[in-house]
Amino acid sequence: MAPTASRLRAESEFGSLPRRALAQYLLLLKLYPVFTKAISSGILSALGNLLAQMIEKKQKKDSQSLDVRGLLRYLIYGFFVTGPLSHYFYLFMEYWIPPEVPLAIVKRLLLDRLLFAPAFLLLFFLIINLLEGKDVSALAAKMRSGFWPALQMNWRMWTPLQFININYVPLQFRVLFANVAALLWYAYLASLGK
C-alpha cells in the first residue's frame with residue numbers, strides 16, 4: 001500500500017508542476033512585466049531559430065553543428081526588441097483604441113497590420129543585419145529580395161492570429177500569445193536569410 005501512496009503523491013506533485021509554473025509566471029508578469037516578456041520573447045525567438053536550423057539541416061541532410069551565433073542573435077533580438085516593443089505597443093493600442101470605441105476591432109487590426117507589422121519587420125531586418133556584422137549594402141540587398149515576400153507572408157499568417165490576439169487575448173498575455181505563434185514565423189524569417 002505504501003508504494004501506491006508514494007506513486008499517487010508523485011503523480012499529484014507532477015500534475016501540479018504546470019500549475020506552479022503558471023502561478024510563478026503570473027507573479028513575475030505582475031511584478032516585472034517588461035522583463036518577463038523580454039525573457040520569454042528571447043527564449044521563444046531563439047527556439048524559432050533553432051527550429052529553422054533543424055528544418056534546414058533535415059532538408060539538406062546536413063550533419064553540420066548548429067549555428068550558436070544565430071541562436072544568440074534571435075535571443076538578443078527577442079529580449080531587447082520583441083518583448084519590450086510588443087509590450088508597449090499593446091499598451092499603446094489599448095489606450096489609443098479602447099474596446100468601447102466604435103469599430104475598435106477593425107481599427108486595432110488595421111493599426112497592427114498596416115503600421116506596426118511593416119515597421120517591426122523593417123526593424124527585424126535592420127537589427128539582424130547589424131548583429132550579423134553586415135554592412136548597409138547587404139541590408140539593402142536583403143531588403144530588396146526579402147522584405148516584400150516577408151511582409152506578404154506576415155499579412156497572410158499574422159492577420160488572423162493578431163485579430164484574435166489584440167481583440168480577445170487578455171492584455172498581459174498578448175506578448176506570450178504572439179511569441180508562441182512566432183516560433184513558426186521566426187523559423188520562416190530565419191530561412192529567408194539562408
Side-chain angles (χ1 to χ4, degrees), residues 14 17-90 112 116-117 119-134 142 146-147 149-151 153-166 169-194:
F14 181 75
L17 182 63
R19 282 190 298 269
R20 287 195 319 260
L22 177 61
Q24 186 65 35
Y25 178 77
L26 291 173
L27 177 64
L28 290 172
L29 204 54
K30 185 180 254 186
L31 296 174
Y32 313 103
V34 178
F35 185 70
T36 303
K37 292 172 187 176
I39 291 284
S40 59
S41 293
I43 291 169
L44 290 170
S45 294
L47 284 175
N49 182 266
L50 177 63
L51 177 64
Q53 288 188 47
M54 291 171 60
I55 290 169
E56 184 180 359
K57 283 174 59 119
K58 187 171 184 170
Q59 287 173 345
K60 292 182 176 180
K61 297 181 181 167
D62 190 359
S63 62
Q64 278 186 284
S65 61
L66 291 173
D67 176 15
V68 176
R69 287 180 284 188
L71 293 172
L72 288 174
R73 282 190 292 272
Y74 276 76
L75 178 75
I76 290 167
Y77 180 78
F79 181 82
F80 288 105
V81 179
T82 303
L85 188 61
S86 297
H87 168 82
Y88 288 112
F89 174 72
Y90 291 132
D112 180 75
F116 188 70
F120 199 74
L121 189 59
L122 177 64
L123 192 59
F124 170 81
F125 276 98
L126 176 66
I127 291 175
I128 293 298
N129 191 70
L130 287 172
L131 291 172
E132 289 174 343
K134 295 183 178 172
K142 195 179 283 189
F147 183 80
L151 184 59
M153 179 60 92
N154 179 296
W155 285 338
R156 279 194 294 272
M157 180 190 152
W158 282 99
T159 299
L161 291 171
Q162 282 299 83
F163 176 79
I164 293 165
N165 193 18
I166 61 182
V169 174
L171 182 60
Q172 72 268 26
F173 296 119
R174 289 181 190 164
V175 174
L176 182 61
F177 179 90
N179 284 331
V180 171
L183 282 172
L184 296 175
W185 175 243
Y186 279 126
Y188 169 75
L189 285 180
S191 70
L192 287 180
K194 304 289 184 219

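Because the structure is a prediction, the values reported are computed rather than measured. For this chain, numbers begin at 1 and follow the sequence in order.
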Q: May I have the step-by-step check of side chain to side chain contact (heavy atoms under 4.5 Å, CB included) for Leu47 and Tyr74, ending in yes or no?
A: CA-CA 8 Å; Leu47 284 175; Tyr74 276 76; over 6 Å; no

Q: Could you tell me whether the side chain of Asn154 and the main chain of Ala150 form a donor-acceptor pair under 3.5 Å?
A: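 Between the backbone of Ala150 and the side chain of Asn154 there is no qualifying donor-acceptor contact (under 3.5 Å).
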
Atom [atom1] of [X] and atom [atom2] of [Y]: how far apart are they, to the nearest 0.5 Å?
X      : Y      : atom1 : atom2 : answer
Leu75  : Ile39  : CG    : CD1   : 8.0 Å
Leu121 : Phe147 : CG    : CZ    : 5.0 Å
Ile76  : Leu71  : CD1   : CG    : 11.0 Å
Arg69  : Asn49  : CZ    : CG    : 12.5 Å
Leu123 : Leu85  : CG    : CG    : 6.5 Å
Leu126 : Lys142 : CG    : NZ    : 11.0 Å

Nearest heavy-atom pair of [X] and [Y]: which atoms, and what distance?
X      : Y      : value
Asp67  : Gln53  : N-OE1, 2.6 Å
Leu171 : Lys37  : O-NZ, 4.4 Å
Ala181 : Leu161 : CB-CD1, 3.8 Å
Ala38  : Pro84  : CB-CD, 4.1 Å
Ser41  : Gly83  : OG-CA, 3.1 Å
Pro160 : Trp155 : CD-O, 4.5 Å

Q.
Show every side chain to side chain donor-acceptor pair (under 3.5 Å) that has at least one partner inside residues 24-35, sequence neighbours left out.
A.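 For residues 24-35, and leaving out neighbouring residues, there are no side chain to side chain donor-acceptor pair (under 3.5 Å) pairs at all.
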
Can you find a pair of side-chain heavy atoms, one from [X] and one from [Y], that are under 4.5 Å apart?
X      : Y     : value
Phe35  : Phe79 : yes
Phe120 : Thr82 : yes
His87  : Pro33 : yes
Leu176 : Leu44 : yes

Q. Passes side chain to side chain donor-acceptor pair (under 3.5 Å), Gln162 versus Asn165? Steps please.
A. CA-CA 5 Å; Gln162 282 299 83; Asn165 193 18; 3.0 Å; yes

**Q.** Aromatic ring proximity Phe177/Phe173, centre distance under 6.0 Å
**A.** no

Q: Kindly assign one of parallel, tilted or perpendicular to the pair Phe89 and Phe116, based on the angle between their ring planes and the thresholds 30° and 60°.
A: parallel

**Q.** Set of ring-ring contact (aromatic ring centres under 6.0 Å, His included) partners for Phe80, sequence neighbours left out
**A.**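 Partners of Phe80 by the ring-ring contact (aromatic ring centres under 6.0 Å, His included) criterion come out as none, since no residue qualifies.
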
